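Structure, as structure tokens:
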Amino acid sequence: QVGGNILTSADSGATIENATFPTVKLTPTATASAPTGVEGALYYDSDKKSVMYYDGTAWLRVSQTKLPGISKSYSGSFDGTDDYIDVSNNAVVDYFQAHTNHTMSAWFKADTAETACIFSLDDDTGWHHNNLIYTKSGGVHGSYVASGDICSTSYPMTYVGAWHHAVMTVTHSNSGTPTSGTSIAKLYIDGEERSSSGTVSTTTITNATDYGTIGKYHIGGDSHISGMTQTGGSPGYHFDGLITEVSTWNTALSSSEVEAIYNLGTPIDLSQNNGGYGASSSLTAWWRTENNANDSGSNGWNGSASGVGYP
């Protein structure tokens, strides 16, 4: 409405001169206190620093559109005792180099609040250059270790009994060159950046052989990750619950790309660019757990499941 007149589609393209628009102030409101959704309603989210609108089903950022979800029938079920998926693939895989920017992602639904590993990878068959996303009783964590220097992130939350999406990105000051420099790890939960390690001095390496597991911590004797020190060198910290749509990229996804792949709680097709997601060409592995441990990415680096069910 301008100067007492209401603009309609018939006014499209018209020039508005000397118009006075009334100012409307939206009260800053935290995400957790979002108002009851009425289609077309608006509020300013003080956590997301954005005006939100309700599309009839969910609160979206103004200019945000929910993308089509990918067909989903199964998830990987882990018993918390001895189930896991080995993604080492006979040590012939290279999901990302430790000295390059990279991303790892997983959807999970935990049955128990405990110290347990969702997804772990390393670049030297040991704990000197490893990446992992894991839970502890009070929240979700992500860690990147380079030559013993650690980029640590954590987000306090209640996570049991509901699906959540966890992403860890790692960026290097000298990405692409194995050398001394600095690194930053960021942890995203449900599409939002929740924690950053800050800038950490690191020394990176190059190694074309990666090892890892989904559903347990695959490294024995790790003394760098708080609460994850192995007993007697035996890998463990098995996850109790469901894990699915686990993926890696040899680039650090941007915050808008992380938001896009979270997609308001609906997984998307990672092999196709869509909306704010444009990193399909950097996708190196994608274990969908659709009744198997196969890699749905272009590399075909299938995992090997031990005891995992697919409800």
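Since this is a predicted model, take the numbers as computed values, not measurements. Hydrogens, waters and symmetry mates are skipped; everything else that's a heavy atom, side chains included, is used.
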Inset, instruction - Please confirm whether the backbone N or O of G80 pairs with a side-chain atom of H238, one donor and one acceptor, at under 3.5 Å? - result: no
Inset, instruction - Mind listing the closest non-hydrogen atom pair of I261 and S105 along with its distance? - result: CD1-OG, 4.3 Å
Inset, instruction - Quick one: closest heavy-atom pair of A185 and C151, and the distance? - result: CB-CB, 3.7 Å
Inset, instruction - State the OG1-CZ distance between T251 and F96, to the nearest 0.5 angstrom. - result: 12.0 Å
Legend entry - Donor on one side chain, acceptor on other, Y43 and D45, under 3.5 Å: yes
Inset, instruction - Find the distance between OG1 (T81) and CG (D240) and round it off to the nearest 0.5 Å. - result: 7.5 Å
Legend entry - Minimum-distance pair of heavy atoms, taken over all atoms of G303 and I85: CA-CG2, 4.1 Å
Legend entry - Check: T248/T284 side-chain N/O donor and acceptor closer than 3.5 Å: yes
Inset, instruction - Treat each ILVMFWY residue as a node, draw an edge where side-chain heavy atoms are under 4.5 Å apart, and state whether V160 and Y155 are in one component. - result: yes
Legend entry - same_hphob_cluster(W59, W163) at 4.5 Å side-chain heavy-atom cutoff: no
Inset, instruction - Kindly say whether D269 contributes a backbone atom to a donor-acceptor pair with the side chain of Q272 at under 3.5 angstrom? - result: no
Legend entry - Euclidean distance, S306 OG relative to D82 CG, rounded to 0.5 Å: 6.5 Å
Inset, instruction - Assess whether atom OH of Y74 is packed by more than 12 heavy atoms of other residues, nucleotides or ligands within 6.0 Å. - result: no
Legend entry - 4.5 Å side-chain heavy-atom contact, S271 and W286: yes
Legend entry - Value rounded to 0.5 Å, distance of CD1 in I118 from CD1 in I214: 11.0 Å
Legend entry - Contact check, side chains of L60 and Y53, non-hydrogen atoms, under 4.5 Å: yes
Legend entry - Check: D79 side chain, D83 main-chain N or O, donor-acceptor pair, under 3.5 Å: yes
Legend entry - Criterion side-chain contact (heavy atoms from CB on, under 4.5 Å) on L283 and L270, from CA distance to verdict: CA-CA 8 Å; L283 181 70; L270 300 177; 4.0 Å; yes
Inset, instruction - Answer whether the closest heavy-atom distance between the side chains of I70 and I268 falls below 4.5 Å. - result: no
Inset, instruction - Carefully, step by step, assess N263 and Y277 under the rule side-chain contact (heavy atoms from CB on, under 4.5 Å). - result: CA-CA 10 Å; N263 195 35; Y277 173 65; over 6 Å; no
Inset, instruction - Test T203 against S180 for side chain to side chain donor-acceptor pair (under 3.5 Å), laying out the working first. - result: CA-CA 4 Å; T203 300; S180 297; 3.2 Å; yes
Inset, instruction - Could you state whether Y188 and I243 fall into the same hydrophobic cluster, counting links through intermediate Ile, Leu, Val, Met, Phe, Trp or Tyr residues with side-chain heavy atoms under 4.5 angstrom apart? - result: no
Legend entry - Side-chain donor-acceptor pair present, S195, K186, cut-off under 3.5 Å: no
Legend entry - Hydrophobic cluster identity match, Y217 and L242, side-chain contacts under 4.5 Å: no
Inset, instruction - Look at the side chain of N302 and the backbone N and O of D295, then say whether any donor-acceptor pair between them is shorter than 3.5 Å. - result: yes
Inset, instruction - Decide whether T179 and N174 meet the rule of one side-chain donor and one side-chain acceptor closer than 3.5 Å. - result: no
Legend entry - Flag side-chain contact, heavy atom, 4.5 Å: V170 against N101: no
Legend entry - Test item: R194 side-chain N/O and L187 main-chain N/O as donor-acceptor pair under 3.5 Å: no
Inset, instruction - Starting at CG of L132, measure out to CE of M168 and round the result to the nearest 0.5 Å. - result: 6.5 Å
Legend entry - Pair Y95 + W249: ring centers closer than 6.0 Å: no
Inset, instruction - Would you confirm whether the ring centroid of H102 sits within less than 6.0 angstrom of the ring centroid of Y144? - result: yes
Inset, instruction - State plainly whether one hydrophobic cluster holds both V87 and I133, where clusters connect Ile, Leu, Val, Met, Phe, Trp and Tyr through side-chain heavy atoms under 4.5 angstrom apart. - result: yes
Legend entry - Over all atoms of both residues, closest heavy-atom pair of A260 and L67: O-CD1, 4.1 Å
Legend entry - Donor-acceptor contact below 3.5 Å, side chain T135 vs main chain V140: no
Legend entry - N/O donor-acceptor pair under 3.5 Å between D47 side chain and A30 backbone: no
Legend entry - Distance-only donor-acceptor check, side chains D122 and H218, under 3.5 Å: yes
Inset, instruction - Kindly give the heavy-atom pair with the smallest separation between S88 and V93, and that separation in Å. - result: O-CG2, 3.3 Å
Inset, instruction - Ignoring hydrogens and angles, state whether a donor on the side chain of S152 or S197 is under 3.5 Å from an acceptor on the partner side chain. - result: no
Inset, instruction - Could you tell me the separation between the OG1 atom of T171 and the CG atom of L253, rounded to the nearest 0.5 Å? - result: 12.0 Å
Legend entry - K72 (side chain) donor-acceptor with R288 (main chain) under 3.5 angstrom: yes
Legend entry - Side-chain (T112) to main-chain (E114) donor-acceptor, under 3.5 angstrom: no
Inset, instruction - May I ask you to check whether S183 and T202 show a side-chain donor-acceptor distance below 3.5 Å? - result: yes
Legend entry - Sidechain-backbone polar pair: T153 side chain, G142 backbone, donor-acceptor under 3.5 Å: yes
Legend entry - Working for side-chain contact (heavy atoms from CB on, under 4.5 Å), residues T289 and E245: CA-CA 7 Å; T289 65; E245 303 294 330; 6.0 Å; no
Inset, instruction - May I ask you to check whether S280 and N273 show a side-chain donor-acceptor distance below 3.5 Å? - result: yes
Legend entry - Aromatic plane relationship, H165 with Y262 - under 30° parallel, 30 to 60° tilted, over 60° perpendicular: parallel
Legend entry - Parallel, tilted or perpendicular, as decided by the 30° and 60° cut-offs, for the rings of H141 and Y134: parallel
Legend entry - Residue among F108, Y310, W107, W287 satisfying side-chain contact (heavy atoms from CB on, under 4.5 Å) with T244: W107
Inset, instruction - Heavy atoms only: give me the nearest T199-T182 pair and the separation to one decimal. - result: CG2-CB, 3.4 Å
Inset, instruction - Please test T103 against V167 for side-chain contact (heavy atoms from CB on, under 4.5 Å), starting from the C-alpha separation and ending with a verdict. - result: CA-CA 7 Å; T103 302; V167 174; 3.6 Å; yes
